[in-house]
Amino acid sequence: MDKAIYLAMSAGQNIMSAQAIHSNNLANANTTGFQADFAQARSMGVYYGDGHSTRAYAMTESPGTNFNHGALIDTGRDLDVAVDTDGWLTVQAQDGREAFTRGGSLRLSPTGQLLTGNNLPVMGDGGPISIPPFDKLTLGADGTITIQPEGQAAGVLAIVDRIKLVRPNYEDLQKGLDGLVSRKDGQEEQPDPRVRVQSGFLEGSNVDTVDELTQIMAMARQYEINIKLMKTVDENSQAATSLLKSS
């Protein structure tokens, strides 16, 4: 009886883990540049000595990320950028490592530092990008940042920096708990001149809300089945105990 209870409990626990993955996807359905995580379950055999496994438990894991692109959103804002093809913007994560994002809602800090929407420094050719006071700013398709310095004539332009745009192989990437993508080996990626950006646009999330809701509902039913199974096993155990006492 205890085996059945542990098997049902294992299944229920891992269904909750899968629910957390799908719920996080659904919660970020409107987060620009967000890319959904996959969830899968597989059996884990328990072995005691040689031979076949004595039982099999379920284990839920997130094997990877859906790197499909989201739809483009026209914002008309100069500091909003959408990355074409399979490229990424390079940012500096909170722990100082190099990381990548497709969330291109950029802004300037009071000191002129170029930041993402979640306050991460955007990396350029020489490190974090800082922009001096300007009257007009333009982002080129290759990530070049051109400004008309404050107080200067309209024809006076200056190139400040260029956003570091990269195009790593998907198999080399991993997604962290902070939602950023980075190389598995921790190395820095080289800029790729083929990557282009579109100023005035943002890339929406690639989450399929209908599919995520369907998955969540299906898992809720599976969780209820496992709870009922544990209750049934417990009732059977109590009935067996009563029979032994009466005998």
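Separation of atoms CG (Leu229) and CG (Asn226) is listed at 6.5 Å; rounding is to 0.5 Å. Between the CD atom in Glu203 and the CZ atom in Arg102 there is a gap of 4.0 Å [rounded to 0.5 Å]. The NE2 atom of His22 lies 7.5 Å from the CG atom of Asp211; values are rounded to the nearest 0.5 Å. Taking CZ of Phe67 as the reference point, atom CG of Leu173 lies at 5.0 Å (rounded to 0.5 Å). Taken from NZ in Lys184 to CG in Asn169, the straight-line distance is 11.0 Å, to the nearest 0.5 Å. If you take CG on Leu72 and CD on Gln198, they are separated by 5.5 Å, rounding to the nearest 0.5 Å.
Within the 4.5 Å cutoff, side-chain heavy atoms of Glu98 are placed close to those of Thr90. Counting heavy atoms from C-beta outward, Phe100 and Val166 have side chains that approach closer than 4.5 Å. You'll find the side chain of Asn25 reaches within 4.5 Å of the side chain of Phe34, heavy atoms only. No side-chain heavy atom of Thr101 sits less than 4.5 Å from a side-chain heavy atom of Val181. At least one side-chain heavy atom of Leu180 sits less than 4.5 Å from a side-chain heavy atom of Val91. Asp84 has its side chain out of reach of Val195: every pair of non-hydrogen atoms, C-beta onward, lies at least 4.5 Å apart. Side-chain atoms of Ile163 and Val197, non-hydrogen and from C-beta on, never get closer than 4.5 Å to each other.
Residues meeting the salt bridge (Lys or Arg N to Asp or Glu O under 4.0 Å) test with Asp78, sequence neighbours left out: none. Applying the salt bridge (Lys or Arg N to Asp or Glu O under 4.0 Å) test to Asp208 and every residue at least two apart in sequence or in another chain returns nothing. Under the salt bridge (Lys or Arg N to Asp or Glu O under 4.0 Å) criterion, Arg194 pairs with Asp192, sequence neighbours left out. Every residue was checked against the side-chain hydrogen bond (donor to acceptor under 3.5 Å, both in side chains) condition with Gln215, not counting sequence neighbours, and none meets it. Checked against salt bridge (Lys or Arg N to Asp or Glu O under 4.0 Å), Glu212 has no partners two or more places apart in sequence or in another chain.
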Exercise for the section: Before giving the answer on side-chain contact (heavy atoms from CB on, under 4.5 Å), spell out for Asn66 and Phe38 the whole-Å C-alpha distance, their side-chain angles and the decisive distance to 0.1 Å. Expected result: CA-CA 7 Å; Asn66 180 4; Phe38 293 117; 3.6 Å; yes

Exercise for the section: Apply the test side-chain contact (heavy atoms from CB on, under 4.5 Å) to residues Met230 and Val233: give CA-CA distance (whole Å), side-chain angles for both, the deciding distance (0.1 Å), then the verdict. Expected result: CA-CA 5 Å; Met230 286 188 283; Val233 171; 5.8 Å; no

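Heavy atoms of other residues, nucleotides or ligands lying less than 6.0 angstrom from CZ of Arg162 number 12 at most. A 6.0 Å sphere centred on CD of Gln174 holds more than 12 heavy atoms belonging to other residues, nucleotides or ligands.
Residue pairs meeting the salt bridge (charged side-chain N to carboxylate O under 4.0 Å, His left out) criterion with at least one member in residues 165-178, sequence neighbours excluded, are Asp37-Lys175, Arg97-Asp178. Residue pairs that meet the salt bridge (charged side-chain N to carboxylate O under 4.0 Å, His left out) test with at least one member in residues 149-158, sequence neighbours left out, do not exist here. Evaluation of the ring-ring contact (aromatic ring centres under 6.0 Å, His included) test over residues 185-210, restricted to residues two or more places apart or in two chains, returns none. Evaluation of the salt bridge (charged side-chain N to carboxylate O under 4.0 Å, His left out) test over residues 223-234, restricted to residues two or more places apart or in two chains, returns none.
Residue Leu157 shares its hydrophobic cluster (ILVMFWY side chains chained together at separations under 4.5 Å) with no other residue. Counting side-chain heavy-atom gaps under 4.5 Å among Ile, Leu, Val, Met, Phe, Trp and Tyr, the cluster of Leu26 also holds Leu213, Ile216.
When only modelled atom types and interatomic distance are considered, Asn28 and Ser205 share no side-chain donor-acceptor pair under 3.5 Å. In summary, the side chains of His69 and Asp86 do present a donor paired with an acceptor at a separation below 3.5 Å, with no hydrogens or angles considered.
Residues Trp88 and Leu202 do not share a hydrophobic cluster, defined by chaining ILVMFWY side chains whose heavy atoms lie under 4.5 Å apart. Both Val160 and Val81 are part of a single hydrophobic cluster, where members link through side-chain heavy atoms under 4.5 Å apart. Under a hydrophobic-cluster definition in which Ile, Leu, Val, Met, Phe, Trp and Tyr are linked whenever side-chain heavy atoms come within less than 4.5 Å, directly or via other members, Ile225 and Tyr223 are assigned to different clusters. Hydrophobic cluster membership is shared by Leu114 and Val83, with clusters built from Ile, Leu, Val, Met, Phe, Trp and Tyr side chains linked at under 4.5 angstrom.
The minimum heavy-atom distance linking Leu115 with Ser109 is given by the pair CD1-CB, 3.8 Å. Closest of all the heavy-atom pairs between Ser105 and Asp80 is CA-OD1, 3.5 Å.
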Can you list, pair by pair, the side-chain donor-acceptor contacts under 3.5 Å of residues 119-148, counting residues two or more places apart and other chains?
unit_1: Asn119; atom_1: OD1; unit_2: Arg107; atom_2: NE; d: 3.2
unit_1: Asn119; atom_1: OD1; unit_2: Arg107; atom_2: NH2; d: 2.2
unit_1: Asp135; atom_1: OD2; unit_2: Gly151; atom_2: N; d: 2.9
unit_1: Asp142; atom_1: OD1; unit_2: Thr144; atom_2: N; d: 3.1
unit_1: Asp142; atom_1: OD1; unit_2: Thr144; atom_2: OG1; d: 2.8
unit_1: Asp142; atom_1: OD2; unit_2: Thr144; atom_2: OG1; d: 3.1
unit_1: Gln148; atom_1: NE2; unit_2: Gln152; atom_2: O; d: 2.9

